[in-house]
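Side-chain atoms are counted along with the backbone in the values below, which use heavy atoms only and exclude waters and symmetry mates. This is a predicted model, so every value here is computed, not measured.
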Amino acid sequence: MKVSVGLIGLGLMGRPIAGNLLKKGFSLTVWNRTASQAQVLASQGARVASSPREAAAASDVLIMIVSDPPAVEQVLWGENGVLEGLRHGSVLVDCSTVSPALARRSAAACSERGVEYLDAPVTGGTWGAEKGELVMMVGGAADTLKRVEPVFGAIAKRWFHLGPNGAGQSVKLAMNLLLALEVDALAEALALTRAAGVPSERVIEVMQSSMGRSPVLDVKAPMLLEHNYPPSFPLRLMHKDLVLALGLAKELGVSLPAGSAALEVYTKILNSAREDLDYAAIGRYWEKPGV
């Protein structure tokens, strides 16, 4: 008999994750701060909880995927929060991207209540979430991971056990640091060759046929070529992850000069944006007005 699953957070990633859990036959309870986001899922068979506490109480495995550390803290420790409702012996899986320190704090709070905890941030973008092909970076006990693997199999193609609580978040921040730098470097390369009079489309052709090729190029290069940035991975979230990565680096005494420089550019574009954009919008830093 399949476990009952709860899901908190129905944003760009949470909605398709919920859809795949329903397709795989899991009994699903959902909660979202904006309740209207849950109505489509309700029509597909999900139960809509009135609070995080109610969602937690209904779940053997509760997944959270919310925007940032303050949102995680509010959902866990706020009024009618998750920690008030989690059942002894249940598992909390936080797929949000937060600091390793917050993951360890969450794990400790769960342990006090007889609840197991995994930090399991995801990568793969909205297209990976829609296909059920996310990659998960997991921190926590191996036995806990084994318990929830049937649930992970509904939403991900691979998951990696990376160490104790906090390890998943450390690797996710390193991953997003790399992605932020890759897209920054791509935008810089296109700015340089554009100024030299070479069409950007030809530059991308060369890169796709060389050692410069990477999967992120497949997804972000079209956005940069078209100067169109619908949010698959929102700029505001990448900026948040860069801040978290640099905070972790400072805590550990590691210098990240390229990351620090990239954060300045991402911050400038975020502060000038009037709409929700993908992080590939960093290309605007080199675009001429009216392009």
Side-chain angles (χ1 to χ4, degrees), residues 66-73 94-108 118-125 135-140 160-193 195 207 210-217 219-221 223-224 229 232-273 277-287:
V66 297
S67 58
D68 54 26
V72 168
E73 291 177 339
D94 193 0
C95 294
S96 317
T97 301
V98 298
S99 68
L102 179 53
R104 290 189 288 268
R105 182 178 157 215
S106 301
L118 297 174
D119 51 289
V122 299
T123 189
V135 174
M136 308 180 75
M137 292 149 275
V138 184
F160 296 87
H161 185 222
L162 298 166
N165 289 129
Q169 297 294 352
S170 295
V171 173
K172 177 61 186 295
L173 294 179
M175 168 80 72
N176 282 4
L177 172 67
L178 176 61
L179 292 177
L181 291 172
E182 283 185 302
V183 176
D184 184 3
L186 173 59
E188 290 192 20
L190 292 178
L192 179 64
T193 51
M207 290 180 176
S210 73
M211 290 292 288
R213 188 182 186 282
S214 75
V216 73
L217 200 67
V219 179
K220 303 305 181 185
M223 294 183 176
L224 289 161
Y229 308 106
S232 172
F233 186 164
L235 171 64
R236 57 187 164 81
L237 296 184
M238 180 58 88
H239 181 272
K240 176 263 297 183
D241 293 350
L242 278 173
V243 170
L244 288 172
L246 289 165
L248 178 61
K250 183 177 181 180
E251 177 187 326
L252 298 174
V254 177
S255 177
L256 299 179
S260 297
L263 179 60
E264 291 185 19
V265 181
Y266 279 99
T267 299
K268 181 174 181 178
I269 299 305
L270 179 63
N271 289 342
S272 65
L277 298 167
D278 190 84
Y279 79 96
I282 192 175
R284 286 186 171 179
Y285 187 87
W286 295 274
E287 291 175 3

Between Val216 and Val183, does a side-chain contact (heavy atoms from CB on, under 4.5 Å) hold up when you go through it step by step?
CA-CA 8 Å; Val216 73; Val183 176; 3.8 Å; yes
Could you walk me through whether Asn176 and Leu242 satisfy the side-chain contact (heavy atoms from CB on, under 4.5 Å) test, starting with their C-alpha distance in whole Å, then the side-chain angles of each, then the deciding distance to 0.1 Å, before giving a yes or no?
CA-CA 7 Å; Asn176 282 4; Leu242 278 173; over 6 Å; no
Which is it for Leu277 and Arg284 under the side-chain contact (heavy atoms from CB on, under 4.5 Å) test, yes or no, and what are the steps along the way? CA-CA 11 Å; Leu277 298 167; Arg284 286 186 171 179; 3.3 Å; yes
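Looking at residues two or more places apart in sequence or on another chain, you find no ring-ring contact (aromatic ring centres under 6.0 Å, His included) involving Tyr229. For Ser170, the side chain to side chain donor-acceptor pair (under 3.5 Å) criterion is met by no residue, not counting sequence neighbours. Remark: Ala191 engages Arg194, Trp286 in a side chain to side chain contact (heavy atoms under 4.5 Å, CB included) (not counting sequence neighbours). Under the side chain to side chain donor-acceptor pair (under 3.5 Å) criterion, Ser106 pairs with no residue, sequence neighbours left out. By the ring-ring contact (aromatic ring centres under 6.0 Å, His included) test, Tyr279 pairs with Phe233, sequence neighbours left out. With sequence neighbours left out, the side chain to side chain contact (heavy atoms under 4.5 Å, CB included) criterion links Ala261 to no other residue. Under the salt bridge (charged side-chain N to carboxylate O under 4.0 Å, His left out) criterion, Arg105 pairs with Glu73, sequence neighbours left out. Residues forming a side chain to side chain contact (heavy atoms under 4.5 Å, CB included) with Ala103 (at least two apart in sequence, or on another chain): Tyr117, Asp119, Gln169.
For the residue pair Thr97 and Pro69, the shortest heavy atom distance occurs at O-CD, 4.5 Å. Closest of all the heavy-atom pairs between Leu177 and Gly259 is CD1-CA, 3.9 Å. Shown here for Gly168 and Pro121, the closest heavy-atom pair between the two residues is O-CG, 3.4 Å. Pairing each heavy atom of Leu256 with each of Ala245, the nearest pair is CD1-O, 4.1 Å. Nearest heavy atoms, Gly212 versus Leu217: O-CD2, 4.3 Å. Smallest separation of non-hydrogen atoms from Val138 and Ala120: CG2-CB, 4.1 Å.
For the atom pair Ile282 CD1 and Glu287 CD, the distance stands at 11.5 Å (nearest 0.5 Å). Distance check, rounded to the nearest 0.5 Å: CG of Leu186 to CE of Met223 gives 12.0 Å. The distance from atom OG of Ser99 to atom CG of Asp68, rounded to the nearest 0.5 Å, is 11.5 Å. With rounding to the nearest 0.5 Å, the separation of CG in Leu224 from CG in Asp278 is 9.0 Å. One finds the OG atom of Ser67 at 6.5 Å from the CG atom of Leu237 (value rounded to the nearest 0.5 Å).
Pairs engaging residues 161-186 under the salt bridge (charged side-chain N to carboxylate O under 4.0 Å, His left out) rule: none recorded [sequence neighbours left out]. Pairs of residues two or more places apart, or lying in two chains, never qualify as side chain to side chain donor-acceptor pair (under 3.5 Å) while including a residue from residues 252-265. Sequence neighbours left out, the pairs with a member in residues 232-260 that pass salt bridge (charged side-chain N to carboxylate O under 4.0 Å, His left out) are Arg236-Asp276.
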N/O donor-acceptor pairs under 3.5 Å from side chains in residues 266-273, not counting sequence neighbours:
from, atom 1, to, atom 2, distance (Å)
Tyr266, OH, Ala180, O, 2.8
Thr267, OG1, His239, NE2, 2.8
Thr267, OG1, Leu263, O, 2.7
Asn271, ND2, Thr267, O, 3.3
Ser272, OG, Lys268, O, 3.3
Ser272, OG, Ile269, O, 3.0

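Using modelled atom types, no side-chain atom of Asn165 and backbone atom of Arg104 make a donor-acceptor pair closer than 3.5 Å. Under a 3.5 Å cut-off, the side chain of His161 and the backbone N or O of Met137 do not form any donor-acceptor pair. Judged by distance alone, the side chain of Ser96 and the main-chain N or O of Val66 form a donor-acceptor pair under 3.5 Å.
Met207 CE: more than 12 foreign heavy atoms inside a 6.0 Å radius.
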